[in-house]
J.: 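Okay, handing you the structure first.
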Amino acid sequence: MQMIGKSDATLASDVEIPLDDVGETDKLKPSAKGAEKDGFLSKLNIFGSRKEDTVGDKDEKPKDPSISYLQLFRFAEPFDYLLIFVALSCACINGVMQPLMAIPMGDIILALATYRPELRLPDGAIGSESFFDETTRRALILYLIIGLVGFVAAYLQFTCIIISAERQLKRMREEYFRATLRQEIGWHETGNATGELTSRLQADTTLVRNGMAEKFGVVVQAAAQFVAGLLIGFSRGWKMALVLTATFPIAMAIMIGMVWVLNARTKKQQEALGEASAVAEQAISNVRTVAAFGGQERNLRKYEEKLEVARKSGVQVGLATGTGMGFMFAFVFILYGFGLWYGSTLVQSGEYDGSKVIAVFFSILIGIFSVGQMAPEMEALASATGAAYRIWNTIDRQVVIDATSSQKGLTPPTPKGRIEFRSVGFTYPSRKDVKVLDDFSLLIEAGKTVALVGASGSGKSTIVKLIERFYDPDEGAVSLDGEDLKNLNVRWLRRQIGIVSQEPVLFDGSIRSNILMGLADPVAHNNSELDTLIHAAVKLANADFVWSLPHGIDTGVGERGLMLSGGQKQRIAIARAVISNPVILLLDEATSALDTAAERQVQKALDQASANRTTIVIAHRLSTVKNANIIIVMDHGKIVESGSHNDLLQRNGPYAELVRAQELETGDADDNVEGDVLERGEGTSPLAAGSEKKPSVTRRSSKPDIATRRASSGGIKIERLKSSSDIKKAEEEEKAKRKQEDAEYLRRSTPWRRVMLLNAPEYGYMFVGAVAAAVMGVVFPLSSVVFTGMTEVFAKTGDDLTNGTRYYTLLFLAIGVADGLAFFFNLYCFSYSGEGLTTRIRKSFLRALMYQEISYFDNPRRSTGALTAKLAEDAAQVKGLFGQMLGVFIEFIATVLAGAVLAFINGWKLTLAILAVFPLLGFGAYIEQQQFTQIGGQAQLEQVDTNKLASEALSNISTVAMLTKEKYFGDLYKSDLESPFRKAVKAALRSGFGAAAASGGQFLVLTFAWWYGCTLVKSGEYTGTQVQNVVWSVLFASASIGRVTASMPSISKAKIAALSIFDVLDRTPELDAKGDSGAKPEPTGEASLQTVDFKYPFRSTATVLKSLNLDIPSRKSIALVGPSGFYDPTAGAVTVDGVDVRQWNVKTLRQRLAIVGQEPVLFEGTIAENIAYGSPEGTTPTQEDIESAARKANAYGFITGLPDGFQTRVGERGSLLSGGQKQRIAIARAAIRQPNLLLLDEATSALDSESEKVVSAALDDASEGRTTIIIAHRLSTIQNCDRIYVIQGGSVIEEGNHLELLSKRGMYW
């Protein structure tokens, strides 16, 4: 008899759901699969209303959106339906077993209560020995059958439903990821941040999975238990059953009211958690910028603000759950008393005898109690439908610009490349009030080269995006060979285009794999053909440096290409663009990161590649566009001038002004010198030539580089390009190493005590919750005594029956009130402490991450996706155990102790005998826990790794779309899901035995207990009352073990999560960026490098700097090529203000520095917030300070020209601004810092000539009184520096001022 289960309800408030699908604004339409399953039941819509209306935008979302429950199974296949059918059939069997147990139990109780051997009654008479033997024998056989059936049914229920859910989860994640990749760029820019999408991919899909797995099985089992209890009760005594069930609507009303309140309370928590996840993802992915500006506390405060909202909402969820479940279980016990009273009236009237009342009472009681078991699980099912709505909405969304379809649109066989803009008007979806192009018309003849020049933000890059059809124009049309782009197949169109963007994106893989991404279908070529194509593309892009890298073309580039310099990345991107021999070339600042020599070579090659090919060039360096057929000068979305280079110079208009702005002082040197200088030598990147590092294992070390799909008779097959033998060997070694590390990780002891210490501020709440849990635990063993007394009362008549019934009715009433209050305080207090713990863990985890040294993030296993997944999942897993589950464990201990005490008081011999077989239940729990920890834990770790790929693809969605690699990344993600899926299935198959032992074992233990108890009664050692008291006490303890066993997966996941959390919290950073220790010398601005050697931590055999010596005088401007510092030198010393940087207080050192990087990073927020981000920690800049910094960066004009001015939002990573606008805001961010040492790494590379001239002058002014180090390729930006150092191979080879170096006619010249 499973009368326990109320503690399952305590998990109700542990559900955390990420943000609603903000920005997903299209109609939710059923898929083909979903439509097939939409029948009558699916329209019942029990758990939420399915919205068929068009969903409004962010401010017009429907209330409590969800789908009908049966639609959760849209990804189920025939085999899944078979598994579900088996699982639910077994769940029904398990449910029926509980009330069915009332039949043999009633017979045994009757036999014990009436057994009178001393009366020598005739055989077969009630109370006779033969009646006792026959009745107990028949009942025990039935018990045994129930136990064996329960064992098999529990195993099949557990394994089948989990396997089915895992299969559907795998397909769901795959389809959702493909759907996010399929969405047009405008969708990603309007409220669908990478952090929210990856969180939804990880967390929301898990909620849906839970709604289809164990919790679904519990609901069906409880429903079967409820129906069976009613049927048995009505069959044994319909009148009493009818009266008892008349109160059922009250229980239903309580349950429905609780679920309704929970849905309302969780909505705000979902949104806050989604927003917090987005903040964390930005901070981790841009950790170098955060560290450089000491912005850790700013990001943490923003993160904590979102978490605080989530915490308060979570506490309200606990309050609502505690109130609802408190009323529920108070009502249950009051129902006990009511049932007893009414039963006594039936006995007194002669309609029922005592055994019939007991049988009906317990049958209905078990059925009614199942409602309590069902309530929290139904809340989880409702959460699943809400989470599924957001996922389904994305999957079913009608994409405006679908680049994944090969059927929609025209695919002309021989495109020529004639492009025409006809009266085009355009505004970005995220900024409808800013007109970017206004009545813009332009004709680009096939095979011609057209250059677009003009100020930053004039609409140049927008033209490229419209040609790629990232967006459609609001007015007018864009056509290719006379055909409107809207009529062309999008994928075909983009495959006719090769593009190199201003900020090139490389993916974590080998150089080979990144170049081959430029091909539509690499597997259409054999290896020899691929090698030929790669060599030609590398040569054309002047990327020959790849052959001298540690493993040549197979060398890994790191996450976002961080292991390469800017120039190296740009040349790889050029090779990627030209390898497919495209009809159209789009070069958006394609050579901005190249040195003069490399640029000349690449430009010459690009000029050759442009022959007979339509080419559009966007550039600020006019030296790269002077050979264009037509040069278009743009301003504010309109053409102000056009013509050839010579024609425009003769006109002496805006173009001529731009040319003059780039002129150089050449002294006595050759007058043909242009405004450029050397790129950082290859030695400045982590992949320095000549290193002997073992090959980088790309993306996931166990997986090679390229994945493509090839149709075969067996379905879709993933094939990856072959690598060299040493690469394969390294991959195998890395895979084995990782497997060993994971195994050791899972064998470590769990720091539960330290987790408890994190909960110290809530100890008061935990104490009250623990006392309440203990009261809850004692209630049912105490009830066993009352139940036993109740059976004795029904053997009496007259006043004894009336008085006894009244006494026990009042007892049940008192127990009900006590249990209801205990339930409320238990759920509320542990919810409060659990929310406090998870908030504190998340804060501490992100804080620890933010203060790790930068080399920590160079580890491939610490990618942004993996770390954000841990941040989202691990705290929730620990909370699941130390929140409400802690109350469950305390209740379990109290139940076992109280039950054991009562059992020993009533009969020590029988108690000891039962306890001897109890380890069978514990052994089952141990098996389940071990399997989930060892196998399920590995699956959990691998599942986090899959988030790395998802995060990388979604954060670079523009590049994915540009390369038409949506299918490629979708296939790769599908492949990555396979291993954790197989491990999860394996864990379910093995741990199912533990679940079966715990479930079926209860019946077997009870069979043994009743048998031995009856034996003791026959021998005269025990009375029937003693046996009942002992068995009842043990019964409740065994049921508690079953509940704890059901929580074993949660315990295993919490253990792994706790280890993961403390691994980060306990790690001591190699650079202390927040402590007060270290030198804080007076600022002078002097710096020096003395015999410095340097190697990147994860490229330890690649020497980047070799015996480098530099002297940087105070308050002077110097130019050089070299790395910017987040690392310590391998040998030698770097000093600032005369003190070795290793002796400095890191926080103080960075407060005195400011940096503007080559690829500036902005954070989601307003322009004002991004500029203010540069102010030192602890200061609050005024609006006047912000505007002053903007003026210095020549950004004030374009900012005030925006409708919202300084309050304009910049989008994720500044995606809503042009490259030049971003760079000027980054310069303003550095200017507001007022640093002693200013580091400018290509600070003006994305600026147009006029802006650069103004900003350079401003930077010159800003450099007064401070030391400035400039890294640049344009000579115009460094010609006025006091000293210029030329670095090659990690060493200085030339030094002097601009004119001195020109006169030497050396490397600089």
J.: Can you name the one residue among Ile616, Leu586, Val583, Thr614 that meets side-chain contact (heavy atoms from CB on, under 4.5 Å) with Ile497?
T.: Leu586

J.: Do the side chains of Phe440 and Pro473 get nearer than 4.5 Å, heavy atoms only?
T.: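 They are not in side-chain contact.
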
J.: Would you kindly say whether Asn286 and Thr289 are connected by a side-chain donor-acceptor distance under 3.5 Å?
T.: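 No - no donor-acceptor pair under 3.5 Å links their side chains.
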
J.: If you define the side chain from C-beta out and look only at heavy atoms, does anything of Lys408 sit under 4.5 Å from Asp402?
T.: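 With C-beta onward as the side chain, the pair touches.
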
J.: Give the table of side-chain donor-acceptor pairs shorter than 3.5 Å for residues 956-965, with sequence neighbours excluded, one pair per line with atom names and distance.
T.:
unit_1: Asn956; atom_1: ND2; unit_2: Glu952; atom_2: O; d: 3.0
unit_1: Thr964; atom_1: OG1; unit_2: Arg495; atom_2: NE; d: 3.2
unit_1: Lys965; atom_1: NZ; unit_2: Leu519; atom_2: O; d: 2.8

J.: Could you measure the distance from the CD atom of Glu641 to the CD atom of Glu657? Nearest 0.5 Å is fine.
T.: 10.5 Å

J.: With a cut-off of 6.0 Å (strictly less than), are more than 12 heavy atoms of other residues, nucleotides or ligands near CD of Glu1184?
T.: no

J.: Between Glu445 and Lys416 (salt bridge meaning N to carboxylate O under 4.0 Å), is one present in this structure?
T.: no

J.: Just checking, any donor-acceptor pair under 3.5 angstrom between side chains of Arg422 and Ser479?
T.: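 Note: Arg422 and Ser479 side chains meet the donor-acceptor criterion.
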
J.: Would you say that Ile1232 contacts Ile1186 through its side chain, given a criterion of any heavy-atom pair below 4.5 Å between the two side chains?
T.: yes

J.: Working to the nearest 0.5 Å, report the span between CD1 of Ile419 and CD1 of Ile467.
T.: 4.0 Å

J.: Looking at Glu1169 and Arg1229, is there a salt bridge between them, counting it only when a charged N and a carboxylate O are closer than 4.0 Å?
T.: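 Answer for the salt bridge query: no.
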
J.: With rounding to the nearest 0.5 angstrom, report the CD1 to NZ distance, Ile444 to Lys448.
T.: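 Taking CD1 in Ile444 and NZ in Lys448, the distance rounds to 12.5 Å.
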
J.: Atom CD1 of Ile463 and atom CD of Glu468: how far apart are they, to the nearest 0.5 Å?
T.: 12.5 Å

J.: Filter on ring pair (Phe, Tyr, Trp, His ring centres under 6.0 Å), then keep only pairs touching residues 454-488, sequence neighbours left out; what's left?
T.: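 Matches after skipping sequence neighbours: Phe426-Tyr471, Tyr428-Tyr471.
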
J.: Could you tell me whether Arg1209 and Glu1164 make a salt bridge, using a distance below 4.0 angstrom between a side-chain N and a carboxylate O?
T.: yes

J.: For the backbone of Leu1162 and the side chain of Asn1170, can you confirm whether one donor and one acceptor N or O come within less than 3.5 Å of each other?
T.: no

J.: With rounding to the nearest 0.5 Å, note down the distance linking CD in Gln183 to CD1 in Ile401.
T.: 11.5 Å

J.: Using atom types as modelled, flag every donor-acceptor pair under 3.5 Å from a side chain in residues 628-639 to any protein atom, sequence neighbours excluded.
T.:
unit_1: Asn629; atom_1: OD1; unit_2: Thr449; atom_2: N; d: 2.7

J.: Nearest 0.5 angstrom please: Glu475 CD to Ser423 OG, how far?
T.: 9.0 Å

J.: Measure up the Phe1206 and Tyr1196 rings against each other and bin them: parallel (under 30°), tilted (30 to 60°), perpendicular (over 60°).
T.: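 Correct class here is tilted.
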
J.: Looking only at the side chains, is there a donor atom on one of Asp647 and Ser644 sitting less than 3.5 Å from an acceptor on the other?
T.: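 Per modelled atom types, Asp647 and Ser644 side chains form a pair under 3.5 Å.
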
